[in-house]
Amino acid sequence: MATPAKPYKDTLNLPVTRFEMKANLAAREPALQQRWQSERLYDQIRQARSGQPRRVLHDGPPYANGDIHMGHLLNKVLKDLVVRYLTMRGYDSPYVPGWDCHGLPIEHKVVKDLGPRAAALDPAQIRDLCRADALRWVDIQRAQFQRLGILGDWDRPYLTLQPRYEAAILDVLADLVAGGYVFRQLKPIHWCPHDRTALAEAELEYRDQSTPSIYVNFPILNGTPAAWGDGPWHAMIWTTTPWTLPANVAIAVHPELVYLGIRYTDPDSGSPVQTILAADLVPKVLALRGITQFEELGRCTGAELEHAQYRHVFLDRASPIVLADYVTVADGTGLVHTAPGHGAEDYRTGQKYGLPTLSPVDESGRFSDEAPDWLRGQQVWQANPAIVARLRELGWLFHDTRFDHSYPHCWRCKKPVLFRATAQWFIGVDRDDLRGRTRKIIDDSVRWLPAWGRSRIGGMIDNRPDWCISRQRHWGVPIPVLYDDRTGEPHLTPASVRFHRDLFAREGADAWYTRPVDQLVPPDLDPSTHPIEHLRKGTDILDVWFESGSSHRAVLAGPDGLGFPAFLYLEGSDQHRGWFQSSILTAVATTGLAPFETVLTHGFVVDDKGEKMSKSVGNALSAVQATEQYGADVLRLYVASMDYADDVRMSERGIKESSEAYRKIRNTFRFLLGNLADYADFDPAAVHPASLHPVDRWALGLLNSVIREATDAFERFEFYRAYQRIYHFCSVELSSIYLDVLKDRLYAELPHGPDRRAAQFALARIHEALARLLAPILPHTCEEVWGFLPDQPARPSSVHLALWPEPDPAFDNPELANRFARLLELRERIFVALETLRKDKAIGSNQEAAVAIRLTPPAAAALQPDLELLTTLCIVSEITLTADPAAAEPIISATRSRHPKCERCWNLRPSVGLAADHPTLCARCVAVLRALEASPQTDPAASLSRPARPSTTPGSTPA
RNA sequence: GGGCGCAUAGCUCAGUCGGCUAGAGCGCACCCCUGAUAAGGGUGAGGUCCGAAGUUCGAAUCUUCGUGCGCCCA
């Protein structure tokens, strides 16, 4: 290939490598992943780390539904960075991925797809369809995670639908029952009277509806401020659901709102009425009846009305006025009719004040026997007029009109739903002071990263209500309760739950649906008092948060577990409310310990404007598509580059920028490899430390600091710090300084000579350390690079079996580092001078320049010994130094060198032309050529193309 | 509406205890090289440190109140 014009080019040691500049990750990564799989890399790593100290990152299970999105990508890549780092640090760090397989979204979708046919299927058949759907998504998501290069036990994941997992859930439940935490209580839920079924929030469709709107005066018995004078006083409420009035047990006011006690004259009867209204609403409410005049008899805050008593408008019942901060003056009267059996907020208030939860409505939406005679059997909607008429007749009705508002309807039959109290199962968070004990463990025994995670989850634990663990669905783990249909009495004991646990372990939770009752009777249920013919199976399943919250039992605990507690849980910050909380509650209640030592959270993926990604807005990036287009390593680098403690901005442009950074790193590796192709020919140990140039020792000292800082960053899970440091090293310290400076030595010196070998020694060490440092972030690229390193007996076959790099104290040299810092500062000033020269077209490359520096005499004396080093660092032909007392600041001037240019090394040297046999070369190049001619074994072409590893780089044939 | 957070250059990040003209890399513009070549090198332009008020000799940094955005709850 040598052109006659440049015969000397063939005598240079130019870079040679088969490591391609073009990454082609879309094709290369899947091939590598295939290789890892067939070589069973994960198992090899497990074996290699067997017996080492364990550090387990316990995977929080994603929901098995839909393609993975950027949030999954962020989460799983962060986990992988941790696991790979721990593994390289020598820990036994298994990673068992999991999936959350039960729950409403899958069941809802399955039922929806079935349409009318769903009604004909029994629960077991629905469950079969749900299982098939969940498993299908597990397979899809598994492939998508693997495509990202996530290292884990993908052949043996944990699934919440596995019998062994379902058994573990009941194991936890049994312990909670034994601990006295589990109880049954009425709670209002959305209920469709047409379909006679419970509905989840996600199954409601809100649409506008016209309802009654009535204002009712409740007679107050006592408790109004004394200054307001004698009664009779009233409290005026507003409601759009008259049918819930039979369940009224309180009237809620806002503690800080101002209320007025007023007297107005009823336009119909002409008699005066004294009632209470929120001050802001008095004129508006009175205007409904055309009343413009009223008398203010007193005012007070809502807080002063607390505990006042009133009498129900048509029942013989006294109830209190209570405080609730959700009361507003947006609508109504500022006094809220409260029926805990018919509303979520009302229920919470009822719990707070110990009020009864009344719900005299049956499953078809008719008033039950608990309702007054005159309502019994009526559909609640149809009873509204009767109730209004009764209020009018009794004189309590202030006003009656209509109101249009958004009201929930059933997704299936499209009819309005109601809130109806039903018996639900709970975990009492105040039983045995579970709340307080959990709070103490949160405060004292868990490390939260970032630290505010503690106050976040702590506040949630402090304020959370009892945990309702029952759901009226089919796709989940049944609460194994047997009811006596004569009394409704439930049987749920530690022994009974453990009996069903063992059954589920053998047959899965399906047994509950497929086996007849007589095969489900636990040994502690006495058939003489509870005859089998009177037993019926409970139809509730467990809250899926209870399932995933039991993963510490299913995956960590026990002889086959990964180890309890886990070293780390790592999820999005929404899990303070979700998985972290359900996990710590169940773990504290059953073991007294937190299931994790450290909890690390990340923010959410948002778009380039910082707003959340959503399909409907159209700003969501596809994780699957991005991986295909740019490659997993590019996206992994992107994730590693950002501080994930806060929200993480991701955009197409960001990925492109990450892609650029990737190319820079890849090219740095490529240059290193290109200059190490013949490195296998000699023993690095044979390179004498004294042969290293100062710049080599400087670079190796820098490498030490890179290793230390990256290690420190990984230890703190601050991957972006490691990224910034490593990237800066590649881009600035290597590419633009060290490697640039090294080119003359690498290309022009004798191939096996000490100067070139010294450089290669440094490059090899840098290369190896970089490959390891970047292996967690760029597992594919580093594995590829690893295959190009010269073979050594001690090196593992995969970089992922290798250990994390260690700094070599022999290269720590602060004095040298300081010297270089000063020289590099001077170098920058020189470059500014060269730039002027270049603009003037006086020079092209730095090699053509001659630099003159004037310094004060002491400064000049200090620089003198490093003058040659500075010349090398600047890649100029010569630098002259003059002492000048006037040069307070360095005075730098540059010209084109007057020496001729060496045709081989392109330096401008006075020695060019001195040798008669090589009239266009400098003395150094002449000497190198003569040495090459004298030593027959050094054929640079053959040497440079020798493959580093025969297996991956088949030898090229010397020309 | 409440709880927990975040806000420094177009992007990703530094900025110690309150103390120099607020830094780096990328990107961008311009230039060089053509022996890392769909590479490589250089120079340069980019900042209302989210806003306002306060504390202080001095605030990106501390305090308060806002604004925007996120998660969770209502």
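Chain letters run A, B, ... following the sequence lines, proteins first, then strands; residues in each count from 1.
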Looking at A/D607 and A/E611, would you say the former's side chain and the latter's main chain have a donor-acceptor pair under 3.5 Å? yes
Could you encode protein contacts along nucleotides 60-72 of chain B as a string, one character per nucleotide from 5' to 3', using B for base contact, S for sugar-phosphate-only contact and - for no contact, with a heavy-atom cut-off of under 4.0 Å? ---------SSBS
Could you work out, with side chain to side chain contact (heavy atoms under 4.5 Å, CB included) as the rule, every residue matching A/K352, not counting sequence neighbours? none
Between B/A59 and B/G44, how far apart are the two C1' atoms, rounded to whole Å? 31 Å
Show me, pair by pair, the donor-acceptor contacts under 3.5 angstrom made by side chains of residues 598-605 of chain A, not counting sequence neighbours?
from: A/T598; atom 1: OG1; to: A/R447; atom 2: NE; distance (Å): 3.3
from: A/H602; atom 1: NE2; to: A/N75; atom 2: ND2; distance (Å): 3.0
from: A/H602; atom 1: NE2; to: A/G572; atom 2: N; distance (Å): 3.3

Stem ranges of RNA chain B by first residue number, counting only runs of at least 3 Watson-Crick or G-U pairs under 3.5 Å, come to B:1-7 with B:67-73, B:10-13 with B:23-26, B:28-32 with B:40-44, B:50-54 with B:62-66
Rounded to whole angstroms, how far apart are CD on A/E718 and P on B/A14? 8 Å
Contact under 4.0 Å: A/K664 side-chain N or O vs B/G40 OP1/OP2: yes
Would you classify A/D646 as touching base, sugar-phosphate or nothing, given that sugar-phosphate means primed atoms plus P, OP1 and OP2, and contacts are heavy atoms under 4.0 Å? sugar-phosphate
Rounding to an integer number of Å, can you tell me how far A/Y644 OH sits from B/G5 C1'? 16 Å
What is the distance, to the nearest angstrom, from the CD atom on A/E256 to the C1' atom on B/G2? 12 Å
Residues A/T349, A/Y326; criterion side chain to side chain donor-acceptor pair (under 3.5 Å); working and verdict: CA-CA 10 Å; A/T349 302; A/Y326 52 80; 2.8 Å; yes
Which residues pass the ring pair (Phe, Tyr, Trp, His ring centres under 6.0 Å) test with A/Y347, sequence neighbours left out? none
Would one find more than 12 heavy atoms of other residues, nucleotides or ligands at under 6.0 Å from atom CD of A/E715? yes
Both A/Y727 and A/Y723 contact RNA chain B. Taking the nearest nucleotide for each, which residue is further toward the 5' end? A/Y723
Same-atom distance (P) from B/G66 to B/C72, integer angstrom: 25 Å
Gap between atoms NZ and C1', on A/K656 and B/U12 respectively (whole Å): 17 Å
Could you work out, with ring pair (Phe, Tyr, Trp, His ring centres under 6.0 Å) as the rule, every residue matching A/F426, not counting sequence neighbours? A/F183
Which pairs with one or both residues in residues 721-743 of chain A pass salt bridge (charged side-chain N to carboxylate O under 4.0 Å, His left out), sequence neighbours excluded? A/E709-A/R725, A/E718-A/R721, A/R725-A/E733, A/D740-A/K743
For the side chain of A/S455, starting at C-beta, report the closest nucleotide among B/G41, B/U43, B/G5. B/G5
Using only side-chain N and O atoms of A/S735, determine if any of them is under 4.0 Å from OP1 or OP2 of B/G41. yes
Pick the P atom in B/A45 and in B/A24, then give their distance to the nearest Å. 11 Å
Starting from the 5' end of RNA chain B, give me the residue, A/D643 or A/V732, whose nearest nucleotide shows up first. A/D643
When you compare B/G70 with B/U64, how far apart are their C1' atoms, in angstrom units rounded to a whole number? 23 Å
Could you work out which one of B/G35, B/A14, B/G10 sits closest to the side chain of A/R653? B/G10
Whole-Å P distance, B/U67 and B/A29: 39 Å
Within the structure shown, what part of the strands sits under 4.0 Å from A/C730 by heavy-atom distance: base, sugar-phosphate, or nothing? nothing
Check this for me, if you would: do A/R838 and A/E835 make a salt bridge, where the nitrogen-to-carboxylate-oxygen distance has to be below 4.0 angstrom? yes
Anti or syn, where syn is a glycosidic angle within 90° of 0; which label fits B/G46? syn
OP1, OP2 of B/G40 versus side-chain N and O of A/R670: anything below 4.0 Å? no
May I have all residue pairs that pass side chain to side chain donor-acceptor pair (under 3.5 Å) and include part of residues 451-466 of chain A, sequence neighbours excluded? A/R439-A/D462, A/R456-A/H576, A/R464-A/Q581
For the pair made of CZ in A/F19 and P in B/A38, what is the distance, rounded to whole Å? 15 Å
Nucleotide B/C11, atom P - distance to CG of A/D607 in whole Å: 12 Å
Using the P atom on both, measure B/C33 against B/G47 and round to a whole Å. 32 Å
Out of B/A36, B/G5, B/U43, minimum distance to the side chain of A/K743 belongs to B/A36
Report which part of the nucleic acid A/R725 touches: base, sugar-phosphate, or nothing (heavy-atom distance under 4.0 Å, all strands). nothing
What residues form a side chain to side chain contact (heavy atoms under 4.5 Å, CB included) with A/S614, not counting sequence neighbours? A/S616, A/V617, A/N619
Taking salt bridge (Lys or Arg N to Asp or Glu O under 4.0 Å) as the definition, give me every residue that meets it alongside A/D346, ordered by chain and number, with sequence neighbours left out. none
Between B/G35 atom C1' and A/N907 atom CG, what is the distance in whole Å? 12 Å
Which of B/G44, B/U12, B/A38 is nearest the side chain of A/M21? It is B/A38
If you take atom types as modelled and just measure distance, does the side chain of A/T668 reach the base of B/A36 with a donor-acceptor pair under 3.5 Å? no
Short heteroatom pairs, N/O only, protein and nucleotides 30-33 of chain B, under 3.5 Å:
from: B/C30; atom 1: O2'; to: A/K839; atom 2: NZ; distance (Å): 3.3
from: B/C32; atom 1: OP1; to: A/K841; atom 2: NZ; distance (Å): 2.3
from: B/C32; atom 1: O2'; to: A/G844; atom 2: O; distance (Å): 2.6

Determine the interatomic distance between P on B/G15 and the same-named atom on B/G27; round to the nearest Å. 23 Å
Any donor-acceptor N/O pair under 3.5 Å between B/U12 base and A/Q724 side chain: yes
Does OP1 or OP2 of B/A14 have a side-chain N or O of A/Y720 closer than 4.0 Å? yes
Check for a donor-acceptor pair, side chain of A/T301 on one end and backbone N or O of A/E256 on the other, with a separation under 3.5 Å. no
Residue list, salt bridge (Lys or Arg N to Asp or Glu O under 4.0 Å) with A/E652, at least two apart or on another chain: none
side-chain N/O A/T601 vs B/C4 OP1/OP2, d < 4.0 Å: no
Side-chain (A/D633) to main-chain (A/T781) donor-acceptor, under 3.5 angstrom: yes
Figure out the CD/P separation between A/E709 and B/A14, and round it to whole Å. 13 Å
Expressed as a whole number of Å, how far does the P atom of B/A7 sit from that of B/C50? 8 Å
